[in-house]
Amino acid sequence: MKRKTTSLLLVLILILSLLSACSSAPANEEITSTPIPALTPPIENTHQNDEETPPNSGSLTILHMNDTHGRTQAEPYISQLANDIRADGGNVLILDAGDRLHGQVATNLTEGETMVQVMNAVGYDAMVTGNHEYNFGLNRLIELSGMMDFPLLAANVRFNGEYIFERYTIIDYENLTVGVFGLGTPETPKSSDPRNMGMLVFEDPVEIATEIVELLKERNCDIIIALTHLGDDNSTAENERSDALAAIDGIDVVLDGHSHTLLENGKVVGNTLIAQTGSHAQYIGIVEIMIENGVKTKEAHLIEVPDADDETELKADEAIIAVIAEGQARVESITSVVVGTTPVTLDGERESVRTGETNLANLVTDSMIFATGADMSFIGGGSIRTSISAGDITMGDVLTVLPFSNLIITLEMTGLDVLEILEHGVSEYPEPAGLFIQVAGIHFMFDPEAEPGQRVVSVVMADGTAFDVNSSYIVATVEFIAAGGDGYTMMARGMDLVFYGGDAEAFVIYLETNPVITAEPEGRVRIQDR
């Protein structure tokens, strides 16, 4: 046990030294109204493709990704596909629709730098900001944009009244001009840490898109592409979803992200083709456009990214594999440390933790009570990012499950406040939602057919004692939720705020106690039978 504790301390020291070495600004630095240097790049960025292109063949191939969340397994194939298309005399464009720079250990521990290096090596032409691009803070995102060999787009994002990233880019091929503009989701302030939002304003996507399309028409773009991180979730306002852009005359293609929607052949709304690749780099998106006195045809399809051990006819660019390996090597001394074991798979799949209780979510919330001594703990399913396979648990596994470096916080709240927290936590069920609540110290039942706000039908303490709406309780949660993230605004009523260590640190220390791990959840969150 003593050896494990020593290893953990070394791991945490290494993490701190790595983070301090790769960024001059802390991830949670407060954003003030003081202007940040170089926030207002030129509104137009017209450039030639770096590659020498042959005479235009009347076609354009777009390779696109979205919501990779730090994963890089598709990048060697994307690079080789682009190389082959150019070798055959074709025009190629490589685009990313956001949520790229955060989510896996290497990119998290370097605060996005290793991912930027990979994207530069592949030769991306543009990327739009996703909500998770802001996880390291605005200052860090601005630093990362300065490292990019391609523009980071966000036509509808202002800071202190100014547009802070490039709004669009125009790419000239021989006899073909392509305009690409970016739109970030207005949901960002509630789906990212609110403390990182500062004075950021996300403007209405449809209004801004209408404005930018007219500018791109004036510049005689043959193809206009909206690179968006909006999604098509039913819980999103209609004017903030990607398909709302289809009503705007002139948008040929919308390459979207955020909702993790898998569109095998895209979908056509009006005259606009909308494409999205799902998530986690499982598929590469391809859009083929033919030009003949305007856009003649446009088609979308996906290529499945093979697993590492699969035989495949896809060719990989060995140079990109080497760049990825360099990034992994930078953090291997941290990620390889074994911090625990599990006899069963710990379920952290997106569809599981965003719709119900899981054994992994229970361990995470238990660790929060263990670290704080609180009466109960809450975390949103969206804070748990993946599963852990049976066997040894490494620090890399933990940092992949809990990648957001959230501090644990305790608050004193009333029983009525707790009821409101639980109601909000199941308000979007059965839709998979990051706000879906995972709990410890308390068990509750809800009726999904009741109106939101009236769904919770019973609550008891985990030890079987009565829950009292008039009593006060010590509640443990993470900074993100305590700051109102995922719409948990009622947390602001909590008293006596106390900060503890990070969620990943608490989880590792809890694993050292050898907790009982079961394959099935315990029934902390139950659905009422009718």
Side-chain angles (χ1 to χ4, degrees), residues 353 355-359 361-384 406-429 433-500 503 506 510 513 515-516 518 520-530:
V353 295
T355 57
E357 174 192 352
T358 77
N359 59 353
N362 288 348
L363 280 175
V364 171
T365 50
D366 284 344
S367 73
M368 294 163 66
I369 289 182
F370 178 81
T372 64
D375 297 310
M376 60 189 71
S377 65
F378 303 127
I379 195 171
S383 293
I384 299 170
N406 267 303
L407 290 178
I408 298 173
I409 292 173
T410 57
L411 303 150
E412 184 177 350
M413 307 197 77
T414 69
L416 283 174
D417 293 332
V418 170
L419 277 179
E420 189 174 347
I421 291 168
L422 297 176
E423 285 285 358
H424 182 69
V426 296
S427 61
E428 294 191 12
Y429 185 87
L435 60 81
F436 187 89
I437 197 161
Q438 303 289 348
V439 305
I442 197 169
H443 294 184
F444 77 101
M445 179 184 294
F446 73 100
D447 179 359
E449 296 185 21
E451 291 294 319
Q454 301 176 12
R455 290 184 164 183
V456 176
V457 296
S458 67
V459 183
V460 297
M461 302 303 292
D463 61 5
T465 59
F467 171 77
D468 185 356
V469 294
N470 296 314
S471 293
S472 293
Y473 295 96
I474 301 300
V475 173
T477 188
V478 291
E479 291 175 284
F480 170 66
I481 289 180
D486 273 340
Y488 281 96
T489 55
M490 73 292 295
M491 287 290 182
R493 296 197 291 269
M495 303 292 291
D496 299 325
L497 193 72
V498 179
F499 287 78
Y500 291 80
D503 53 1
Y510 184 59
T513 69
V516 175
T518 60
E520 299 299 324
E522 303 169 12
R524 300 180 186 184
V525 182
R526 293 179 294 152
I527 298 174
Q528 183 179 44
D529 294 328
R530 280 181 176 262

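Note that the numbering runs from 1 along the sequence shown for the chain.
In terms of heavy-atom proximity, Met445 sits nearest to Ile527 at CG-C, 4.2 Å. Across every non-hydrogen atom of Asp366 and Ala440, the tightest pair is OD1-CB, 3.4 Å. For Ala371 against Ala506, the heavy-atom pair with the smallest separation is CB-CB, 3.9 Å. Between Met368 and Ala476, the shortest heavy-atom distance links the atoms CE-O, 3.8 Å. Pairing each heavy atom of Leu435 with each of Ser427, the nearest pair is CD1-OG, 4.0 Å. Looking at every heavy atom in both residues, Val439 comes nearest to Asn362 through O-OD1, 4.1 Å.
Two residues are said to be in side-chain contact when any heavy atoms from C-beta on lie closer than 4.5 Å; Tyr488 and Ile437 meet this criterion. Within the 4.5 Å cutoff, side-chain heavy atoms of Met413 are placed close to those of Ile421. At a threshold of 4.5 Å between non-hydrogen side-chain atoms, the residues Val525 and Phe444 count as touching.
Applying the side chain to side chain donor-acceptor pair (under 3.5 Å) test to pairs two or more places apart or on separate chains, those with a residue in residues 414-426 are Thr414-Asp417, Asp417-Arg493, Glu420-Arg493.
Taking the side-chain contact (heavy atoms from CB on, under 4.5 Å) definition, one finds that Ser471 meets it with Asp468, Tyr473, sequence neighbours left out. Residues that satisfy the salt bridge (Lys or Arg N to Asp or Glu O under 4.0 Å) test with Arg455, not counting sequence neighbours, are absent from this structure. Under the rule for a ring-ring contact (aromatic ring centres under 6.0 Å, His included), the partners of Tyr429 that lie at least two apart in sequence or sit in another chain are Phe446. Among residues two or more places apart in sequence or in another chain, the side chain to side chain donor-acceptor pair (under 3.5 Å) test is passed with Thr365 by Arg524. Every ring-ring contact (aromatic ring centres under 6.0 Å, His included) that Phe370 has, sequence neighbours left out, goes to Tyr510.
Applying side chain to side chain contact (heavy atoms under 4.5 Å, CB included) to Val364 and the options Val478, Ile379, Val353 leaves one that passes, Ile379.
We find the OG1-CG distance between Thr477 and Leu407 to be 12.0 Å, quoted to the nearest 0.5 Å. To the nearest 0.5 Å, the span separating CG on Asp496 from CG on Leu411 amounts to 9.0 Å. With rounding to the nearest 0.5 Å, the separation of CZ in Phe467 from NE2 in His443 is 13.5 Å. Here the CD-CE distance, from Glu412 to Met495, works out to 7.5 Å after rounding to the nearest 0.5 Å. Between atom OG of residue Ser377 and atom CD1 of residue Ile409 there is a gap of 13.5 Å, rounded to the nearest 0.5 Å. The distance from atom CG of Asp463 to atom CG of Asp375, rounded to the nearest 0.5 Å, is 9.5 Å.
For Asp447 (side chain) and Gln528 (main-chain N/O), no donor-acceptor pair under 3.5 Å exists by modelled atom type. Using modelled atom types, no side-chain atom of Gln438 and backbone atom of Gly381 make a donor-acceptor pair closer than 3.5 Å.
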